[in-house]
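This report refers to the structure that appears directly beneath it.
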Amino acid sequence: MYSISRVNAIRSLYYCKQLQTSAASFDNQKTEKTINQVTLLGRVGADPQKRGTNEHPVINFPLATHFSYKYESGDILQRTDWHRISIFKPGLRDTVYKYLKKGQRVYVTGKLSYGEVKLDDGQVRTASTVIADDVIFFQTQQAEN
C-alpha cells in the first residue's frame, strides 16, 4: 500500500510530465506548478466597454474595492482601489456586456496579468488587468412601495 506522500509525489510527477513542452529551449528545465488567482468583490465603476476586433473582442470594466484604516486617534480613512477587469471568454463576455451596469455589485474570479500601454505622448506605462474567469452578479432587492 502506498503512503499519501508517495501518492502525492506520483501525482506531482504525472502533472509535471503533462506540463512539459516539447520546445527545445524547455527540454532541460524543470517545470513547477504556479498559482495566479484573484478574487474580488466590489462595485462596477462604469458600464462595460467592448474593445478589440471582431475576431478578438474583449470586454473591459473598472471595479472598485475598498478597505478602511483606523488610526490610533480613532479617525477612519477609507481607501478605494480600482481594478481593470477584462473578459475574453465568449459566453461570459456577452452576458457581462449585455447585463452588467455601473454601480452593480459583482464577485470576480480570474488571474492577474501585466502589460505595457503606450500613451499618446509616447510614454510607456505598466498596466495590470484581471483576466476574469467568472463574474457573479449580486442583485439588490427593490424597495416595496
Side-chain angles (χ1 to χ4, degrees), residues 4-5 7-27 29-145:
I4 297 294
S5 61
V7 170
N8 287 339
I10 292 169
R11 282 184 186 154
S12 294
L13 287 173
Y14 173 77
Y15 289 125
C16 283
K17 189 70 170 169
Q18 296 294 326
L19 293 173
Q20 288 178 346
T21 174
S22 61
S25 63
F26 294 112
D27 282 346
Q29 293 182 0
K30 293 181 182 179
T31 57
E32 60 186 16
K33 182 173 174 141
T34 63
I35 297 174
N36 180 353
Q37 184 176 352
V38 176
T39 303
L40 299 168
L41 174 62
R43 293 215 179 257
V44 177
D47 289 343
Q49 295 183 342
K50 191 179 281 191
R51 299 273 191 234
T53 64
N54 286 337
E55 296 82 29
H56 302 288
V58 61
I59 299 298
N60 296 319
F61 66 90
L63 183 72
T65 60
H66 67 271
F67 59 97
S68 299
Y69 291 115
K70 185 172 183 180
Y71 294 102
E72 290 179 10
S73 64
D75 294 337
I76 297 176
L77 172 69
Q78 183 175 325
R79 177 180 166 175
T80 301
D81 289 323
W82 288 95
H83 312 275
R84 178 186 170 135
I85 311 298
S86 295
I87 304 168
F88 294 93
K89 285 178 148 183
L92 182 60
R93 181 182 61 218
D94 298 339
T95 301
V96 166
Y97 188 67
K98 187 173 183 179
Y99 297 108
L100 192 66
K101 301 294 178 210
K102 178 181 177 179
Q104 277 185 288
R105 197 164 188 230
V106 293
Y107 180 87
V108 176
T109 57
K111 61 184 172 224
L112 194 56
S113 178
Y114 296 97
E116 292 181 343
V117 176
K118 189 172 185 178
L119 302 176
D120 292 337
D121 62 3
Q123 290 183 346
V124 177
R125 300 236 176 151
T126 302
S128 61
T129 302
V130 174
I131 308 297
D133 291 323
D134 198 10
V135 177
I136 299 172
F137 294 60
F138 284 78
Q139 293 188 2
T140 57
Q141 295 198 7
Q142 299 290 333
E144 293 183 22
N145 292 347

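Just so you know, these numbers use all the heavy atoms, side chains as well, and skip hydrogens, waters and symmetry mates. All residue numbers refer to positions in the sequence shown, counting from 1.
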Atom pairs and distances, donor-acceptor, side-chain atoms in residues 86-99, under 3.5 Å, two or more places apart:
from: Ser86; atom 1: OG; to: Asn60; atom 2: OD1; distance (Å): 2.6
from: Lys89; atom 1: NZ; to: Asp133; atom 2: O; distance (Å): 3.0
from: Arg93; atom 1: NH1; to: Pro57; atom 2: O; distance (Å): 3.4
from: Arg93; atom 1: NH1; to: Phe88; atom 2: O; distance (Å): 2.9
from: Thr95; atom 1: OG1; to: Gly91; atom 2: O; distance (Å): 3.0

Applying side chain to side chain donor-acceptor pair (under 3.5 Å), name anything that partners [X], two or more places apart in sequence or on another chain.
X      : answer
Thr129 : none
Asp81  : Arg79
Asp75  : Ser73

Return the set of residues passing ring pair (Phe, Tyr, Trp, His ring centres under 6.0 Å) with Tyr71 (not counting sequence neighbours), or none when no residue passes. none
Qualifying residues under ring pair (Phe, Tyr, Trp, His ring centres under 6.0 Å), relative to Tyr69, sequence neighbours excluded: Phe67
More than 12 heavy atoms of other residues, nucleotides or ligands under 6.0 Å from CZ of Phe137: yes or no? yes
Please indicate whether Asp121 has more than 12 foreign heavy atoms, meaning atoms of other residues, nucleotides or ligands, lying under 6.0 Å from its CG. yes
Might you point out which heavy atoms bring [X] and [Y] nearest each other, and give the distance in Å?
X      : Y      : answer
Lys111 : Asn36  : CB-O, 3.3 Å
Pro62  : Trp82  : CB-CE3, 4.0 Å
Ala64  : Thr80  : CB-CG2, 3.9 Å
Ile85  : Ala132 : CG2-CB, 3.9 Å
Val44  : Leu63  : N-CD1, 3.9 Å
Leu40  : His83  : CD1-CG, 3.8 Å

How long is the straight-line distance from CD of Gln104 back to CZ of Arg43, given to the nearest 0.5 Å? 9.5 Å
Derivation of the side chain to side chain contact (heavy atoms under 4.5 Å, CB included) call for Leu100 and Ile59: CA-CA 11 Å; Leu100 192 66; Ile59 299 298; over 6 Å; no
Show, in sequence, the C-alpha distance, side-chain angles and deciding distance for Val130 and Leu112, and conclude whether the side chain to side chain contact (heavy atoms under 4.5 Å, CB included) test is met. CA-CA 5 Å; Val130 174; Leu112 194 56; 4.2 Å; yes
Given side chain to side chain contact (heavy atoms under 4.5 Å, CB included), test Leu41 with Arg105 step by step and report yes or no. CA-CA 7 Å; Leu41 174 62; Arg105 197 164 188 230; 3.5 Å; yes
